[in-house]
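Okay, so here's the structure we're looking at.
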Amino acid sequence: MEEYGPQGWWPVLQRGELKYFPRDYSIPRTDAQRFEITIGALLTQNASWKNAAQALMNLKAAGTLSPRKILKAPKARLEKLVRPARYYRQKAERLKLLAKAYLGLSPKMPTEELRKKLLGVKGVGNETADSILLYAFKRPVFMIDAYTVRLCRKHKLCRAKTYGEHRKFFEENLPKDRELFNEFHALIVRWGQDYSLCAGDIL
DNA sequence: CACCAGGAATGTA
DNA sequence: TACATTCATGGT
């Protein structure tokens with residue numbers, strides 16, 4: 001945090017651009033923002049955020065950034081819009097599945113119930129489900145990604161192997177604080193991006 | 001030209 | 001459980 005400062009994840013669209021909100025955690029998310037983040041989590045899978053963001057902006061510009069619009073849009077049309085996010089055929093199809101599932105989610109549901117419903121969607125794995133829980137629904141969930149695993153191995157923080165073991169390690173050794181988890185993960189990503197550029201990264 | 005980014009599903013041993 | 005393969009855009 002001293003090195004990079006707050007990252008303000010998750011960025012949301014505003015006036016045609018993606019905007020970050022460093023240190024602004026008290027404002028509750030609108031339903032539209034929750035959905036946008038949920039969709040963004042799927043689009044960014046194994047794709048640069050820049051390209052995923054372009055896909056998001058295409059959806060927005062086409063007026064297709066809502067569950068019902070996505071559900072009734074022709075598959076070919078969605079494919080064209082999300083093409084920058086890579087794997088566009090898969091993602092167009094899974095976007096519809098996720099949009100359908102989203103209609104059955106509520107901010108009032110317990111975290112475990114939300115996680116179970118999310119994991120039931122084809123195309124949503126552990127990391128994507130937890131990123132949605134943390135960043136869209138603001139639940140105190142420590143999400144694990146490839147950078148986090150690299151950080152653990154490089155500094156020998158733990159010897160967890162599975163996704164669940166890693167998450168358990170962080171959640172048991174840090175205060176269960178949603179804002180802390182939010183920044184912690186974003187800072188790990190920031191570190192990983194810097195580190196892989198300056199060090200060649202053999203992990 | 002090669003390499004990879006804010007993964008997940010499917011199949012095999 | 002541990003790997004391998006498929007998916008298939010853009011930036012560097």
Side-chain angles (χ1 to χ4, degrees), chain A residues 4 6-13 18-22 33-34 36-59 61 75-101 115-139 141-153 159-168 170 181-203:
Chain A
Y4 295 116
Q7 301 300 298
W9 277 31
W10 190 290
V12 290
L13 283 170
L18 282 153
K19 193 165 185 182
Y20 293 77
F21 294 94
Q33 287 177 334
R34 269 198 306 277
E36 177 189 314
I37 293 168
T38 300
I39 294 310
L42 179 74
L43 291 175
T44 196
Q45 288 172 358
N46 206 39
S48 68
W49 171 247
K50 185 173 185 178
N51 286 359
Q54 184 59 56
L56 261 188
M57 290 174 45
N58 289 347
L59 289 170
K75 199 190 308 174
R77 179 168 152 78
L78 281 182
E79 288 179 358
K80 186 178 179 181
L81 294 172
V82 306
R83 192 170 58 192
R86 206 170 173 214
Y87 314 135
Y88 57 90
R89 296 195 198 93
Q90 275 191 2
K91 286 183 176 176
E93 183 180 351
R94 293 173 178 182
L95 216 51
K96 282 177 173 289
L97 297 176
L98 185 53
K100 193 188 310 171
R115 175 181 280 130
K116 190 172 183 178
K117 289 178 181 296
L118 287 168
L119 289 176
V121 181
K122 182 185 290 185
V124 178
N126 286 318
E127 182 177 338
T128 303
D130 283 347
S131 70
I132 293 170
L133 290 174
L134 176 61
Y135 290 110
F137 288 84
K138 297 196 170 190
R139 301 308 168 91
V141 171
F142 199 101
M143 59 167 297
I144 305 297
D145 66 350
Y147 291 127
T148 313
V149 176
R150 287 184 201 175
L151 183 69
C152 284
R153 291 213 316 212
R159 105 174 41 191
K161 291 188 176 294
T162 67
Y163 181 92
E165 286 169 358
H166 277 98
R167 187 177 66 197
K168 186 178 178 188
F170 280 92
F181 290 176
N182 183 320
E183 277 303 324
F184 212 117
H185 172 257
L187 283 164
I188 287 175
V189 172
R190 178 62 177 277
W191 165 81
Q193 291 172 340
D194 259 24
Y195 185 78
S196 60
L197 284 179
C198 74
D201 193 355
I202 314 179
L203 298 171

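Each chain gets a letter, A, B and so on, in the order the sequences are listed, and its residues count up from 1.
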Specify the separation, in whole Å, of atom [atom1] of [X] and atom [atom2] of [N].
| X | N | atom1 | atom2 | value |
| --- | --- | --- | --- | --- |
| Glu93(A) | dA8(C) | CD | P | 10 Å |
| Leu98(A) | dA8(B) | CG | C1' | 13 Å |
| Asn126(A) | dG7(B) | CG | P | 13 Å |
| Asp194(A) | dA5(B) | CG | P | 14 Å |
| Ile132(A) | dG7(B) | CD1 | P | 13 Å |
| Tyr147(A) | dG6(B) | OH | C1' | 7 Å |
| Trp49(A) | dG11(C) | CH2 | P | 16 Å |
| His166(A) | dG6(B) | NE2 | P | 19 Å |

Under 4.0 Å between a side-chain N or O of [X] and OP1 or OP2 of [N]?
| X | N | value |
| --- | --- | --- |
| Tyr88(A) | dC7(C) | no |
| Gln193(A) | dA5(B) | no |
| Arg89(A) | dA8(C) | yes |
| Lys91(A) | dT9(C) | no |
| Thr128(A) | dA8(B) | yes |

Position toward the 5' end of DNA chain C (nearest nucleotide), Ala85(A) or Lys161(A): Lys161(A)
Using only heavy-atom distances, determine whether the side chains of His185(A) and Tyr135(A) contain a donor-acceptor pair under 3.5 Å.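 His185(A) vs Tyr135(A): donor-acceptor pair found between side chains.
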Sugar-phosphate only, base, or nothing, as touched by Gln90(A) at under 4.0 Å among non-hydrogen atoms: base
Counting the atoms with a prime plus P, OP1 and OP2 as sugar-phosphate, which does Asn51(A) contact under 4.0 Å by heavy atoms, base, sugar-phosphate, or nothing?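 The residue Asn51(A) makes base contact.
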Within the structure provided, determine whether Ile144(A) and Glu127(A) are in side-chain contact (heavy-atom separation under 4.5 Å). no
Do Glu36(A) and Leu13(A) make a side-chain contact, defined as non-hydrogen atoms from C-beta onward lying under 4.5 Å apart?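 Yes - at least one pair of side-chain heavy atoms lies under 4.5 Å apart.
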I'd like to know whether Leu59(A) forms a side-chain contact (heavy atoms from CB on, under 4.5 Å) with Leu95(A), so could you lay out the CA-CA distance, the side-chain angles of the two residues, the decisive distance to 0.1 Å, and finally the verdict. CA-CA 11 Å; Leu59(A) 289 170; Leu95(A) 216 51; 4.1 Å; yes
With rounding to the closest Å, how many angstrom separate the P atoms on dA2(C) and dG6(B)? 26 Å
With rounding to the closest Å, how many angstrom separate the C1' atoms on dC1(B) and dG11(C)?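 Their C1' atoms lie roughly 14 Å apart.
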By centroid distance (under 5.5 Å) and plane angle (under 30°), are Trp9(A) and dG6(B) in a stacked arrangement? yes
Walk me through it: do Trp49(A) and Trp10(A) pass the test ring pair (Phe, Tyr, Trp, His ring centres under 6.0 Å)? CA-CA 11 Å; Trp49(A) 171 247; Trp10(A) 190 290; 5.5 Å; yes
Looking only at side-chain atoms of [X], point me to the closest of [options].
| X | options | value |
| --- | --- | --- |
| Asn46(A) | dT9(C), dG6(B), dA5(B) | dA5(B) |
| Arg150(A) | dG10(C), dA5(B), dG6(B) | dA5(B) |
| Lys122(A) | dA5(B), dA8(B), dA9(B) | dA9(B) |

Is Lys96(A) atom NZ crowded by more than 12 heavy atoms from other residues, nucleotides or ligands, each under 6.0 Å away? yes
